[in-house]
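Written out below as structure tokens is the structure these notes cover.
Hydrogens, waters and symmetry mates are skipped; everything else that's a heavy atom, side chains included, is used. Quick note on labels: first sequence line is chain A, next is B, and so on, each numbered from 1.
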2 protein chains.
Amino acid sequence: MPDITDMTTQVRTTDDPLPSIGPARVVDETVAALRQAILSGDLRPGQKLSVPALALRMGISRSPVREAVLALTAEGLAVESPRRGVVVTELGLKETQAIHEARGPLEGFAARLAAERGPADLGRRLDGILAEQAEAVATGDEDGYFRTNAAFHRAIAAACDNAEVHRLLVSLEGRMALALRQVAARPGHRESGLEEHRKVVAAIKARDGSGAETAMRAHLAATRQRVVIAPGSEDQMIVGSSSAK
Amino acid sequence: MPDITDMTTQVRTTDDPLPSIGPARVVDETVAALRQAILSGDLRPGQKLSVPALALRMGISRSPVREAVLALTAEGLAVESPRRGVVVTELGLKETQAIHEARGPLEGFAARLAAERGPADLGRRLDGILAEQAEAVATGDEDGYFRTNAAFHRAIAAACDNAEVHRLLVSLEGRMALALRQVAARPGHRESGLEEHRKVVAAIKARDGSGAETAMRAHLAATRQRVVIAPGSEDQMIVGSSSAK
DNA sequence: AGATTACATTTTACATGTAGAATTGCAAGC
DNA sequence: GCTTGCAATTCTACATGTAAAATGTAATCT
């Protein structure tokens, strides 16, 4: 648990609102815990998020749980039906495809911007991430691949120097991660993914905006293709009831 | 350990979850009221959203207000600082630019998809919207222009047959509207906007995906340009304190 | 048996209570 | 005059109460 550090009563010459130290809020920890539970599959798609039940299990009151559940809903990791409650988001094949399709132009654009106006050390940082990823791929560390993959895309999103693009990509992260769980097992996908990541980095290092955009879109399109034929995911797929309007 | 599991054992001739009638929830009405207040300028950027104060003023308890304020925060219309409270989002010039820049690839893509696989009656509907917009432009109806502009972009976002792109654009709507308030007064902007809208519709009707994307991106780029030299907006601009990192 | 209805339980949605942090107002000091 | 210190106040964050709605379950009727 985080220790409530000293409230530095320093005088602060700048009128900066505040350094704003540690969260220490129960809500934040609850959001983190629930997000983790959803992304790890601990809470399965379609499962109900009962506020009283969760509060009881976590030993806290209903208020922060309610707020956390709503936050997850805003993140797209859960869906609310008024008077019905909230359930973990179920992503069908169509939705998973849509997510990857949406990522294309957005993240392609981010890659372009990162290449054109990203910080000088971006290439080096991406290299570091990919080195870690290569390690994960070599040892078959599925979880490590996930983490480095997220770090890779996050680094580019953060480096594009456009807060709005960054915002949008962050708001996609959760659903992307949820969608990715369905292709994780595909043999060779990690190797291919790493290879595609390398092409993106090469273009970024060369400050080639168009090339970076193209490489990123190719990577996402390929990922989407790998989703289509993902094997053994029938049981993970939702039943798709009442989908088509 | 909650055994909350499958609830699909229901037979229900119609597998529709529920017609789900009227909202009637105080939260929803509060969200709508606050959103309206923010977008209409009733609540100004930077203004604090005090939960007790709002609850008192609206004659309801703090719970729904708290939830509503958090919902607005998730929408990007307000920002929260832990233990500090929530204030209405302030959009500086840089952020406004970033929003328009981000819209480019996303909405351009949506226009492409709408042209390629949108419903048959889309062209007709867009014509209807633009007819209304032409009326608004002719009569100098600022508010009417706003409404039809939103309707135009919303129609394309909805027609692209990609729920995720739609989601992202919806999540941008509020901030877009906030940003647009800063260029509204620019002379000629409505006429130009309408003209650009027409080009997008022409491409969509011709089922020309590339053309639609190009036209939409051109429209958004032009809008962004109009923001840059927007006159008389200095007093609307934020003070920009502690912005640059 | 199968469908239906009545009852028990759970849960949502809103209301209210409260400790402690943050902000504000104001007066004393440099 | 402008800061500085402190009290008073306000607000956030979490906890808890509760009516009405939704859900689950058992009893009842056809």
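Side chain B/Arg83 to base C/dG20: no donor-acceptor pair is found below 3.5 Å. Between the side chain of A/Ser63 and the base of D/dA15, at least one donor-acceptor pair of N or O atoms lies under 3.5 Å.
At a threshold of 4.0 Å, the pair B/Glu90-B/Lys48 does not count as salt-bridged, since none of the basic side-chain nitrogens sits closer than that to a carboxylate oxygen.
Under 4.0 angstrom from either OP1 or OP2 of C/dA15 there lies at least one side-chain N or O belonging to B/Ser61.
For A/Pro52, taking side-chain heavy atoms from C-beta onward, the closest of the listed nucleotides C/dT12, D/dC14, C/dT16 is C/dT12. Taking the side chain of A/Arg84 as heavy atoms from C-beta on, and the options D/dA22, C/dA22, D/dC14, the nearest nucleotide is D/dA22.
The interatomic distance linking B/Leu56 (CG) with C/dT16 (C1') rounds to 14 Å, in whole Å. Here the P atom of nucleotide C/dA15 and the CD atom of B/Glu67 are 11 Å apart, to the nearest Å. Straight-line distance from the CE atom of B/Met58 to the P atom of C/dA15: 12 Å, rounded to whole Å. Protein atom NZ of A/Lys48 is 6 Å distant from nucleotide atom P of C/dT11, rounded to whole Å. When rounded to the nearest whole Å, the span between CZ of B/Arg62 and P of C/dT18 equals 11 Å. Atom CZ of B/Arg25 is separated from atom P of D/dA21 by 14 Å (rounded to the nearest Å). Residue A/Leu70 contributes atom CG, which lies 14 Å from atom C1' of C/dT11 at whole-angstrom precision.
Nearer to the 5' terminus of DNA chain D, by closest-nucleotide assignment, is the contact made by B/Leu49 (compared with the other of A/Pro64 and B/Leu49).
No side-chain donor-acceptor contact under 3.5 Å links A/His166 and A/Asp161.
A/His153 has its side chain within reach of A/Met216: a pair of non-hydrogen atoms, C-beta onward, lies under 4.5 Å apart.
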Exercise. Step by step, work out the salt bridge (Lys or Arg N to Asp or Glu O under 4.0 Å) result for B/Arg25 and A/Glu80.
Key: CA-CA 13 Å; B/Arg25 291 199 306 182; A/Glu80 167 178 54; 3.3 Å; yes
Practice problem: Test B/Arg224 against A/Glu164 for salt bridge (Lys or Arg N to Asp or Glu O under 4.0 Å), laying out the working first. | Solution: CA-CA 14 Å; B/Arg224 192 170 95 229; A/Glu164 207 61 31; over 6 Å; no
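When heavy atoms are screened at a 4.0 angstrom cut-off, B/Arg66 is found touching the sugar-phosphate backbone but no base atom.
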